[in-house]
Amino acid sequence: MAPAPAAQTYLGLSGPALQLVLLILSLGAFSFIMWKRFGLLRLGAPDPRFDHLWTRLTKLLVVGFGQSRQPRYAVAGILHILIFFGFLILSVRSITLIGEAFQPGFSDIGPGYSSVKDVTALVVLICCLIAIVRRAIFRPARYRDRHAHSSHAHEAYIILGLIALLMVADAVYEGSAMVLADADANAFLPLASGASEVLAGGATGTLEVLHLAGFWVHNAALLFFLCYLPVSKHFHVITALPNVFHLNLKPVGEIKPPRHDEADLDKLEALGVEKLEDFTWKHILDFYSCTDCGRCSDHCPAYFTGTPLSPRMISIKCRDAAYSGYPIIGRRKPKEEQPVLVGETIADEELWACTTCGACEEACPVLIEYVDKIVDMRRYLVDEGRVPASLQKPLADLEKRGNPYGKPPRKRAAFGRGVRTLAPGDKTDHLFFTDSCAAYDPRIQETAGAFARVMTAAGADIGTLGKDEVDSGHEVRRLGEEGLFEELRDTNLEALGAREFQSVVTTDPHAFNALTHSYGLEQPVRHHSQVMAELMRNGKLDLQAPDDDRVYTFHDPCYLGRHNGEYEAPREVLDRLGLRTVEMERSRNRSFCCGGGSLYLFYEGESESRMGEVRVEMAEKAGAQVVVTACPFCLINLEDAIKTTGRDGSMEVVDLAELVDRSLSTPAAAPATAIAGGQATPGPQTD
Amino acid sequence: MEIIVCIRRVPDLSEAEIEIGRDGVSLDDDDLDYDVNEWDNFAIEAAVQLKEEHGGRVTAMTVGDEESEDVLRRALAMGADEAVHLMDDAFDGSDALGTATILQRAIADRPYDLILTGAISGDEARGHVGPMLAAMLDIPMVALATELSVEGGTATVQHEVEGGLERITRMVLPALVTAQTGLNEPRYVSIRGIRKVSGMEIPVQEAGDLDLDGSQVGVAASAVTVEEIFLPPRGGGAEMLEGSEETVVQKLVERLQQEGAF
């Protein structure tokens, strides 16, 4: 019979006494470490994250326990899911094994669980070994970050090794007992049986030692594991589930206010995030929860094109700063001894390279937020005057003239052939908010004109604010110039308030996002893809089938798709137009940013390639000759990219509104054929 | 270090459609946007940077109307410690000599180590006030500074001279330096930054405070009179040269030779 660990003495200590000592040491250390870690959270800014408890619980179940984002990377995802669920199942085992040191037989809770435990342990062990081999030999590119100065990769090996050790130790413990009890190999206990096969033939004395060693190694490894978690990247084992629970329930497109506890911008002593403690407690929890998996940076267009930004490094660097600034042993470092977070640890250039596309947040398995943090850090830079020269001019122009081009306000309605300009007191059904691109950029004026024609053809009443409109302020806010954003917004609200309208429509997803989330309008705000889809659905448009067999692909704009969840309306329009479409490799919520956000058109930062060019290459790879956009920035960037990559002539970029406009039956043409009829008619008059 | 920065509010003529006023000697400013003179902005930044490095005070001064208070507030938001507004109807229409006279009177009684101002202004581009002011104060000066540092009581200035050359000059303070664009990267002034200094008091000094009258400043005292302002005649526009890279270069060289470029 195998010796019971509880019944032995070890250097004078009884089994229970030894276990008690180990428990006190490890739980004591663990509590102490956790208390220190928690201390920093208490210093963070307030953040209301205890609302909508049922929604939060649901998300916790689906994203947290359900690991719903893991399978996006198939191999790593499945490995992680297996290890995660294995961990949960084996937690019972771990706890009962601790009790085994106090009372023999405590861990024997029945053959059902024993079998489940054993199969699980085998699966987990195999997964760990695969994971180690994969990481060490196949070296997935995602794991190494090109901006990392030091690597935390050793922590991965430590944890995988520890988990494997736990499985092996338990197997030795069980296997040796099986041999000592002369039990048969059992198909329902594959791991223990396997161990017993290996240990069969060993001397009784050796087996007894191995039995006890297996037990105490498992015990010690587990208690060490517990304390290792909060000092490594595996802190996420503890914090990930709470982090998911406290997720951001605001619409993705909305930016957090500078402070949740003070609404008046002028009353704030300091603006934005300069140091770690300026982050909200939830953002600090984000740093603790980062698993260093690299999925965010793998999706980041700024990282892809070789800018200084890597979202993952922001989390890792902030976490490292938290660990070193608030050490477990010793006092918190005084400010003078800590490196400056914004400026040194995180360079200004990293922050300005972000287009706020949100791909990072969409990819993160533990729902870490990035855009709000980057905006908060930019707010600090703006307050300090540290804005890159190339962005200062458009910001100054926005302040003085209400548009980033520096063009005169009175020319804002210049595009509007056939679109009514509403004077204060006027009424319309659809207020067309053009925003600055459509108002001033000649290419985008064509888009706005096309949309206006479509609306007119549908008999819809539409009007603009004319020169009373100023820029929506969407990019201004995301660049951190909160004061200027408020001014622009208030100017627009005043202009909007002076007119009567049923709804607001825009061809610009950035304006759409701002008007929807930051303007507090009573009227619904819609994007032109949504409006056109609805018109088509209701048969309000007479359209001809296109005489075009080119392949089309839709490029999801970040602020229509990811930030506002609208992927279907544009596709519905393309379908109803009867066009041949394909999907690009990264589409819908994985869409690759064109490089338009954060006034990127004006910013001269360092990069190895341009986002627009990368995207055009993806379109070509998917077999498309025409890229359809629904955003002025996308249109400009992709058209530029087609020219600079020499595809002028073989590929075209067109806005959704222009497509619909081209398909409108003109009165002079033959009677329009319904799309369903599918009969080709002479092509519509094109410009 | 005591630093005085002389700045001016000028119209932004880069994107504007310029319309000559009815009097034929000024611009129609209905549609014009005004802001601090770009060169002066570099001077303010240089002053604040020097103060941050060496300690001391920065005083911003301007000769201008009520609206000019904006540029003084901007300077305060950038880090100037105080501002002085030299404003009087009598000052209107002063030429460079008149402006320099006003500034000299305002500065003469104050302690200063360094006076900074922009090399030229964006609207008139004459570059006179700085040198005149230095002459009136009888201090050394250097114009078109591209780099500036101060050590002990000496200013070391790298500045542009003719022929695309640059020179390094050392001057014993007090001295005057005019700033060329690119001297530094001026910090951004946010809306919040402006609002933070909106309550600071900016004393106004009038002609009487400075012991000046219409014989020394203003239109009547101008040594320079503007006869006429007019837009240059429109040219033919751009001509595009077609062909391969080599052909185009060849054609370009021929054309430049024809036009007498070399």
Side-chain angles (χ1 to χ4, degrees), chain A residues 258-259 262 264-272 348 352 378-412 414 440 467 473 476-477 479-491 599 604, chain B residues 9-19 27-42 44-49 51-52 58 67 70-71 73-80 122 180-200 245:
Chain A
R259 292 275 305 196
E262 177 55 73
D264 190 339
L265 196 60
D266 294 319
K267 292 218 182 94
L268 295 173
E269 279 235 7
L271 185 64
D348 289 24
W352 297 116
R378 284 174 170 178
R379 282 169 174 156
Y380 164 71
L381 290 180
V382 167
D383 218 35
E384 293 286 298
R386 277 152 63 180
V387 175
S390 56
L391 289 175
Q392 287 197 28
K393 177 139 200 322
L395 284 172
D397 284 334
L398 279 159
E399 190 197 332
K400 293 224 136 49
R401 305 229 167 149
N403 67 83
Y405 304 104
K407 302 230 161 99
R410 63 179 162 76
K411 292 222 167 147
R412 204 165 174 108
Y440 291 108
K467 60 176 167 47
V476 171
R477 182 168 216 200
L479 284 171
E481 235 290 32
E482 192 75 13
L484 180 57
F485 162 71
E486 286 182 353
E487 278 194 9
L488 290 166
R489 179 198 58 193
D490 292 344
T491 305
L599 292 181
E604 288 154 21
Chain B
R9 179 174 179 265
V10 300
D12 178 6
L13 300 175
S14 51
E15 287 274 357
E17 285 178 8
I18 297 176
E19 305 228 351
L27 296 177
D28 178 7
D29 67 358
D30 278 346
D31 249 351
L32 291 177
D33 274 333
Y34 285 77
D35 203 351
V36 67
N37 178 34
E38 198 185 334
W39 285 259
D40 292 343
N41 203 30
F42 287 95
I44 302 170
E45 177 64 29
V48 175
Q49 282 188 15
K51 176 191 78 156
E52 285 170 351
V58 174
E67 316 272 2
D70 286 348
V71 304
R73 296 246 173 248
R74 238 184 151 277
L76 289 171
M78 282 171 76
Q180 174 60 301
T181 53
L183 172 60
N184 47 50
E185 270 197 41
R187 63 201 64 194
Y188 177 74
V189 177
S190 67
I191 298 282
R192 210 177 91 98
I194 292 277
R195 299 212 285 242
K196 268 201 261 189
V197 298
S198 59
M200 282 179 76
E245 223 172 81

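Keep in mind the model is a prediction, meaning the values are calculated, not measured. Residue numbers begin at 1 in each chain, while the letters A, B, ... track the order of the sequences.
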>> I'd like to check the side chain to side chain contact (heavy atoms under 4.5 Å, CB included) partners of B:Ile18; sequence neighbours left out, ordered by chain and number.
In response: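 Counting only residues at least two positions away or on another chain, B:Ile18 forms a side chain to side chain contact (heavy atoms under 4.5 Å, CB included) with B:Leu13, B:Leu27, B:Leu231.
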>> Please classify the contact of A:Leu268 with chain B as side chain, backbone, both or neither, using a heavy-atom distance under 4.5 Å.
In response: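 Both parts, backbone and side chain.
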> Considering only heavy atoms, which portion of A:Leu271 lies under 4.5 Å from any heavy atom of chain B: side chain, backbone, both, or neither?
Replying inline: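 Looking at A:Leu271, backbone and side chain both touch chain B.
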> Could you state the interatomic distance from CD1 (B:Ile194) to CG (A:Leu484), rounded to the nearest 0.5 Å?
Replying inline: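 So the CD1 of B:Ile194 and the CG of A:Leu484 are separated by 11.5 Å.
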Which donor-acceptor pairs fall under 3.5 Å between chain B and chain A:
{"from": "B:Glu17", "atom 1": "OE2", "to": "A:Lys411", "atom 2": "NZ", "distance (Å)": "2.6"}
{"from": "B:Asp31", "atom 1": "OD2", "to": "A:Arg410", "atom 2": "NE", "distance (Å)": "2.4"}
{"from": "B:Asp31", "atom 1": "OD2", "to": "A:Arg410", "atom 2": "NH2", "distance (Å)": "2.7"}
{"from": "B:Asp33", "atom 1": "OD2", "to": "A:Arg401", "atom 2": "NE", "distance (Å)": "2.2"}
{"from": "B:Asp33", "atom 1": "OD2", "to": "A:Arg401", "atom 2": "NH2", "distance (Å)": "3.2"}
{"from": "B:Pro186", "atom 1": "O", "to": "A:Gln392", "atom 2": "NE2", "distance (Å)": "2.9"}
{"from": "B:Tyr188", "atom 1": "N", "to": "A:Gly385", "atom 2": "O", "distance (Å)": "2.7"}
{"from": "B:Tyr188", "atom 1": "OH", "to": "A:Glu481", "atom 2": "OE2", "distance (Å)": "2.9"}
{"from": "B:Ile191", "atom 1": "N", "to": "A:Glu481", "atom 2": "OE2", "distance (Å)": "3.0"}
{"from": "B:Arg192", "atom 1": "NE", "to": "A:Asp383", "atom 2": "OD1", "distance (Å)": "3.1"}
{"from": "B:Arg192", "atom 1": "NH1", "to": "A:Leu265", "atom 2": "O", "distance (Å)": "2.9"}
{"from": "B:Arg192", "atom 1": "NH1", "to": "A:Leu268", "atom 2": "O", "distance (Å)": "2.8"}
{"from": "B:Arg192", "atom 1": "NH2", "to": "A:Leu268", "atom 2": "O", "distance (Å)": "3.4"}
{"from": "B:Arg192", "atom 1": "NH2", "to": "A:Glu269", "atom 2": "O", "distance (Å)": "3.4"}
{"from": "B:Arg192", "atom 1": "NH2", "to": "A:Asp383", "atom 2": "OD2", "distance (Å)": "3.0"}
{"from": "B:Arg195", "atom 1": "NE", "to": "A:Asp266", "atom 2": "OD1", "distance (Å)": "2.8"}
{"from": "B:Arg195", "atom 1": "NE", "to": "A:Asp266", "atom 2": "OD2", "distance (Å)": "3.0"}
{"from": "B:Arg195", "atom 1": "NH2", "to": "A:Asp266", "atom 2": "OD1", "distance (Å)": "3.3"}

